[in-house]
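These notes are about the structure you will find just below.
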Amino acid sequence: MRLTPFAAMMIIAVLLIGGVASAAPEKDPLRPRVPADQMEGAKKLSTPLFKDSRQAPAKMLEEGKALYEGKGTCFNCHGKAGKGDGVAGAMLDPGPRNFANCDFHAKKTDGELFWVMKNGIQGTGMMALTPMVVTEEEAWKTIAYLRTFCKS
Ligand code: HEC
């Protein structure tokens with residue numbers, strides 16, 4: 001079969017788009033990221049701001065959103081709607097967490113997520129962001145906000 005230049009270009013375009021769309025998927029979102037020997041302590045991490053991040057007041061969620069989309073830079077990797085589809089995230093393997101996944105939220109405690117903010121996840125693009133990028137208080141607020149991406 002002979003290809004016209006146009007057909008050849010279309011095939012290349014489809015391959016390229018396919019390549020971007022199939023950027024590395026996130027990996028085992030339900031598996032703990034806190035090492036086993038630190039899990040007990042991580043689960044106990046807490047804040048005076050709220051007892052449960054899912055009950056954070058609206059004002060705090062607004063602050064969390066501003067941090068997520070601004071100073072915290074989270075959206076670059078996790079995407080504005082939290083689906084793990086941020087522009088910078090497309091280059092990462094494993095891919096960033098999809099916060100729209102309610103199973104993820106059901107599985108992970110606030111303390112574990114805060115531990116990740118302080119320690120990062122070794123060998124991945126998720127670096128320790130607290131206190132270098134956001135303070136502890138700000139980290140709790142972004143955690144409260146990212147809980148809201150689960151809609152059910
Ligand atoms: C440079 C890209 C990048 C940025 C910026 C980033 N993350 Fe991540 N994040 C990742 C990646 C990649 C993973 C998944 C790592 C893995 O699968 O182990 C992840 C995972 C997570 C997790 C999941 C932890 C778990 O237990 O599964 C949380 C929570 C998180 N990020 C919060 C944030 C918050 C909040 C911000 C902003 C303050 C942020 N991230 C900014 C790349 C990023």
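Whatever order the structure lists ligands and atoms in, that order sets their numbers, starting from 1.
Heavy atoms of other residues, nucleotides or ligands lying less than 6.0 angstrom from CD of E137 number 12 at most.
Contact detail for E26 and N98: the closest heavy-atom pair is OE1-N, 3.0 Å. Residues C77 and P96 come closest through the heavy atom pair O-CG, 3.2 Å. The two atoms that bring E138 and V134 nearest to each other are OE1-CA, 3.4 Å, heavy atoms only. Counting all heavy atoms, side chain and backbone alike, K118 lies closest to E136 at NZ-OE2, 2.5 Å.
Protein heavy atom nearest atom 33 (C) of ligand 1, with residue, atom name and distance: M126 CE, 3.4 Å. The shortest contact between atom 34 (C) of ligand 1 and any protein heavy atom is with C74 SG, 3.5 Å. Nearest non-hydrogen protein atom to atom 35 (C) of ligand 1 is M117 SD, 3.5 Å. For atom 23 (C) of ligand 1, the closest heavy atom belonging to the protein is R97 NE, 3.7 Å. The protein heavy-atom contact nearest to atom 11 (C) of ligand 1 is P96 CA, 3.5 Å. If you check which protein heavy atom lies closest to atom 25 (C) of ligand 1, you get K108 NZ, 3.4 Å. Scanning all protein heavy atoms for the shortest distance to atom 7 (N) of ligand 1 gives H78 NE2, 2.8 Å. The nearest protein atom to atom 1 (C) of ligand 1, hydrogens excluded, is given as C77 SG, 2.7 Å; this is a heavy-atom distance.
Using a non-hydrogen distance threshold of 4.0 Å, F99 registers as a contact of ligand 1. The closest approach between Y68 and ligand 1 stays at or above 4.0 Å for every heavy atom of the residue. Contact between N76 and ligand 1 is absent, with no heavy atom of the residue lying under 4.0 Å from the ligand.
Ligand-side atoms of ligand 1 in range of L129: 36 (C), 37 (C), 38 (C), 39 (C), 41 (C), range being under 4.0 angstrom from any heavy atom. Within ligand 1, counting atoms from 1 as listed, the ones closer than 4.0 Å to a heavy atom of T124 are 15 (C), 16 (C), 18 (O). Near T73, meaning under 4.0 Å from one of its heavy atoms, ligand 1 places the atoms 5 (C). Listed by atom number, the atoms of ligand 1 under 4.0 Å from L146 heavy atoms are 35 (C).
Taking each of P25, G72, G95, P94 in turn, the one with a heavy atom nearest to atom 14 (C) of ligand 1 proves to be G95. Counting only non-hydrogen atoms, the option in K107, R33, K27 that gets closest to atom 16 (C) of ligand 1 is R33.
In this structure a side-chain-to-backbone donor-acceptor pair under 3.5 Å is missing from H78 to G86. Side-chain N or O atoms of E112 include one that pairs as donor or acceptor with a backbone N or O of T109 at under 3.5 Å. Of the possible donor and acceptor atoms, one in the side chain of K108 sits under 3.5 Å from a partner among the backbone N and O of P29. With K51 contributing its side chain and P48 its backbone, the two residues share no donor-acceptor pair below 3.5 Å.
Note: F104 and F149 fail the aromatic proximity criterion, with ring centroids not under 6.0 Å apart.
Within the 4.5 Å cutoff, the side chain of F50 has heavy atoms near those of the D110 side chain.
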